[in-house]
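Have a look at the structure below before the remarks.
Every value quoted in this text rests on a predicted model; they were computed, and no experiment measured them. In what follows, every heavy atom counts, from backbone to side chain, and hydrogens, waters and symmetry copies are set aside.
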Amino acid sequence: MSSLLVVAHPDPRSFTHHVADRLAAALPAGEAEVADLAAEGFDPRFTLADRHAYAVAGEYPADVAAEMARIDRADHLVLVFPVFWWSMPALLKGWIDRVFANGWAFGVGEGGGIRPGLGRLTVHLVPVAGSDAALYERRGYDRAFATQIETGILDYCGVRRGRTEFLYDADAGGAAADVDAVVARITAAVRA
């Protein structure tokens with residue numbers, strides 16, 4: 001099984017990067033590729049070229065086609081990211097906006113219905129949250145997150161849902177104690 005770990009944090013010394021590094025190290029050598037969107041300079045802006053690709057369900061910009069090829073080589077996609085404003089950072093959202101494109105991640109079928117295109121892919125989420133789990137539950141952020149990202153993006157594209165493993169309370173250092181367990185659960189899910 002091969003995995004693509006996508007990291008979306010501008011600081012290479014961040015806790016988010018630490019978690020991604022730990023995940024990459026826990027997977028068998030040669031089976032995990034890390035895509036550091038910030039370090040690679042991925043442009044998250046949806047351009048006229050992206051709009052054209054959406055309209056014709058193809059003719060993807062070169063950088064988008066390269067990302068699609070990376071995903072096509074993987075059986076598992078692991079998104080490791082900080083939670084900004086109760087969602088993913090703009091860099092990762094822009095990556096999804098551009099890469100999970102019409103004609104590849106989904107298409108329009110008979111009668112205007114959606115035809116999911118990524119059914120062979122399993123996606124795991126590792127959100128790094130500054131707040132604690134109780135706040136997420138009390139305010140409904142956990143349900144909003146699930147609706148927006150798991151239902152609105154992953155299910156729409158037909159991916160197999162893997163594990164979602166929040167690392168809560170990262171700003172106060174509380175998540176550091178949970179890293180080993182989260183890495184073990186994600187690694188076990190990838191190997192299963």
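- Nearest heavy atoms, Ala8 versus Pro82: O-CD, 3.0 Å.
- You'll find the side chain of Trp104 reaches within 4.5 Å of the side chain of Ile71, heavy atoms only.
- Atom-to-atom distance recorded for Thr164:OG1 and Ile149:CD1 is 8.5 Å, nearest 0.5 angstrom.
- At least one side-chain heavy atom of Asp43 sits under 4.5 Å from a side-chain heavy atom of Arg98.
- Applying side-chain contact (heavy atoms from CB on, under 4.5 Å) to Leu23 and the options Val126, Val7, Val190 leaves one that passes, Val126.
- Checked against the 6.0 Å centroid threshold, Phe166 and Phe145 count as a close aromatic pair.
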### Message
Would Asp132 and Arg138 count as a salt bridge (charged side-chain N to carboxylate O under 4.0 Å, His left out) here? Give the steps.
### Response
CA-CA 10 Å; Asp132 61 29; Arg138 186 171 61 252; 5.5 Å; no
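- The side-chain contact (heavy atoms from CB on, under 4.5 Å) test with Ile153 is passed by exactly one of Val159, Leu79, Ile96, Asp97: Ile96.
- Here the straight-line distance linking atom CG of Asp50 with atom CD of Glu59 works out to 12.5 Å at 0.5 Å rounding.
- The minimum heavy-atom distance between Leu4 and Ala35, with the atom names listed, is CD1-CB, 4.0 Å.
- Taking CD of Gln148 as the start and CG of Leu154 as the end, the distance is 11.0 Å to the nearest 0.5 Å.
- Note that CZ of Arg73 is 5.0 Å distant from CD of Glu33, once rounded to the nearest 0.5 Å.
- Rounding to the nearest 0.5 Å gives a distance of 9.0 Å between OG of Ser131 and CZ of Arg139.
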### Message
Does Thr151 form a side-chain contact (heavy atoms from CB on, under 4.5 Å) with Arg161? I'd like the steps, not just the answer.
### Response
CA-CA 10 Å; Thr151 302; Arg161 281 196 202 181; 3.4 Å; yes
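- Between Tyr156 and Phe100, a ring centre-to-centre spacing not shorter than 6.0 Å is recorded.
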### Query
Could you go step by step and tell me if Thr122 and Asp75 meet the side-chain contact (heavy atoms from CB on, under 4.5 Å) rule?
CA-CA 6 Å; Thr122 300; Asp75 300 301; over 6 Å; no
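- A donor-acceptor contact shorter than 3.5 Å links the side chain of His124 to the backbone of Arg163.
- A distance of 5.0 Å separates CZ in Phe84 from NE2 in His9, rounded to the nearest 0.5 Å.
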